[in-house]
Protein chains: 2
Amino acid sequence: MDRPDETGSGAGPTRGREATRARILASARELFTDEGYGSVSSRMIASHAGVNVALINRYFGAKRGLLTEILREDGVFPGLIEGDHGTLTRRLAEHAVSRLHGEGTALQRALDDSAGDPDLQAVYQGRITTAMIDPLSAYLGGEGERSHASLVAAVMLGLSRVRLVEGATALRALDRERLTARIQALLDLCLEDFGDPGA
Amino acid sequence: MDRPDETGSGAGPTRGREATRARILASARELFTDEGYGSVSSRMIASHAGVNVALINRYFGAKRGLLTEILREDGVFPGLIEGDHGTLTRRLAEHAVSRLHGEGTALQRALDDSAGDPDLQAVYQGRITTAMIDPLSAYLGGEGERSHASLVAAVMLGLSRVRLVEGATALRALDRERLTARIQALLDLCLEDFGDPGA
DNA sequence: TGGTATAGGTAAACGGTGTTGACCTGTCAA
DNA sequence: TTGACAGGTCAACACCGTTTACCTATACCA
């Protein structure tokens, strides 16, 4: 039962509250990655982590809390919404295309695939705003940019939605560079000033 | 098997298998509209329809079958993907904007709001393809147009996703005509030939 | 050393879900 | 009268997430 040897200093405790918490979190991460969120039950996580079911709710409030924690650690668009303004849409487009092709973290893929679950949805609901639209509009230069950020988010979300729901076979069959360019063009159009009546 | 009071010719039978089926369907429609899909249980539908729970699965296979049936009756973009080619994107854009503003059938709104449920997702998975991308690409002129149709679908789905997940407050605050025009421009860009390197 | 407070963990139950299989019943045909 | 059968009922099944009451081993203190 006891684990007397603390192997490393940075690895965190091997027993006690923190260790158990970490074990649950790691198991959840692994199972979510392999099976998707909805298919993994609290009991599966607990048994995989070798702990009691009740501890999940004790430590994370609910199953949803696990998800929140995991997403908080990862970030949604890590490193994309920063850097050179000029290449922002290009970076986002590349990101979208790579997601279309099923690249990215295994966990990301798994969560994309179970993006239907009400829990996941509820958690995303917050994350999309705080991790995507908020920083994007801040990055673009203030609250007035919020509608532009929303449009960008719509295109990005829509693409992953199409992949989820239809497989996006046709899009993935396209020449990758052409597709990236087109998506970038879409994102650029999202960012154009609304005040401009254009042609 | 007498049917003494057939009120109208088109109203269908008032008892027997078909009547029960219709009663379940009507109750489901009403409850889904008022409460959303996930919040309505099989037992609620059965009790509202005054029938036994088991009949739902007998007649529709599962709760999901009810949804399939209801969506099949309604169509996703009724009447949008037909008519003049020149105004297609305009019609779609108007549709998207009206959805952003929470207009449309009460049922449509309710289902938009519960778009998270795995069941709903599974059903949509088929419907998006057969009722949106398929007819759209056919309408546009063949299988080669499938990638364009997918992009259009992405923008449309993404917009409803943003509304679902963030409320789309910023977008709804925009001048309606300007927003419609911008979305139309996005859709037009989706439809442009990929072969054309453009500017 | 003995006593106790407490952090950490457990077992069992609760109320809910969708779904299923065995059973009943009323109506019609022979 | 008898039998078949469509139509309907009931109780159970196997899960789910969550909560409550309880236990146990450790750590501290008189």
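Only heavy atoms go into these numbers, but all of them, side chains included; no hydrogens, no water, no symmetry mates.
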Quick one: side chain to side chain donor-acceptor pair (under 3.5 Å) pairs with a partner in residues 56-70 of chain B, sequence neighbours left out? B:R21-B:E69, B:R64-B:D119, B:E69-B:R72

A:A54, nearest nucleotide to its side chain (from C:dG18, D:dG7, C:dA11): C:dA11

Between CG of B:D119 and P of C:dT17 the distance, given in whole Å, is 14 Å

Between CZ of B:R21 and P of D:dA6 the distance, given in whole Å, is 17 Å

Take atom CD1 of A:I24 and atom C1' of C:dG9, then tell me their distance rounded to the nearest Å. 11 Å

From C:dG8, D:dG17, C:dT20, nucleotide with atom closest to B:N57 side chain: C:dT20

Which residue lies toward the 5' end of DNA chain C, A:R58 or A:R43, if each is placed at its nearest nucleotide? A:R58

Can you tell which of C:dT19, C:dG8, C:dA11 lies closest to the side chain of B:V53? C:dT19

Counting side-chain heavy atoms from C-beta on, which of D:dT18, C:dG9, D:dG8 comes nearest to A:L55? C:dG9

Paired with B:R146, the side chain to side chain contact (heavy atoms under 4.5 Å, CB included) test is passed by just one of B:L151, B:D134, B:L136, B:L140, namely B:D134

B:R90 with B:E177: basic N within carboxylate O range, under 4.0 Å: yes

Would you call A:R163 and A:R99 a side-chain contact if the rule is heavy atoms closer than 4.5 Å? no

Looking only at side-chain N and O atoms, does A:Y59 come under 4.0 Å of OP1 or OP2 in C:dG8? no

Interatomic distance where CD1 belongs to B:I56 and P belongs to D:dG7 [whole Å]: 17 Å

Looking at the side chain of B:R17, which of D:dG7, C:dT10, D:dT18 is the nearest nucleotide? D:dG7

What contact category does A:F60 fall into here, base, sugar-phosphate, or nothing, at under 4.0 angstrom with non-hydrogen atoms? nothing

Please compare A:M44 and A:N52 by the position of their nearest nucleotide in DNA chain D and report the one closer to 5'. A:M44

Contacts of type salt bridge (charged side-chain N to carboxylate O under 4.0 Å, His left out), residue B:E103, not counting sequence neighbours: B:R176

Taken to the nearest whole Å, CG/B:L66 to P/C:dT17 is 15 Å

Nucleotide C:dG16, atom P - distance to NZ of B:K63 in whole Å: 15 Å

Taken to the nearest whole Å, CZ/B:R64 to P/C:dT19 is 8 Å

I want to check one thing: is the phosphate of D:dG8, taken as OP1 and OP2, less than 4.0 Å away from some side-chain N or O of B:T20? yes

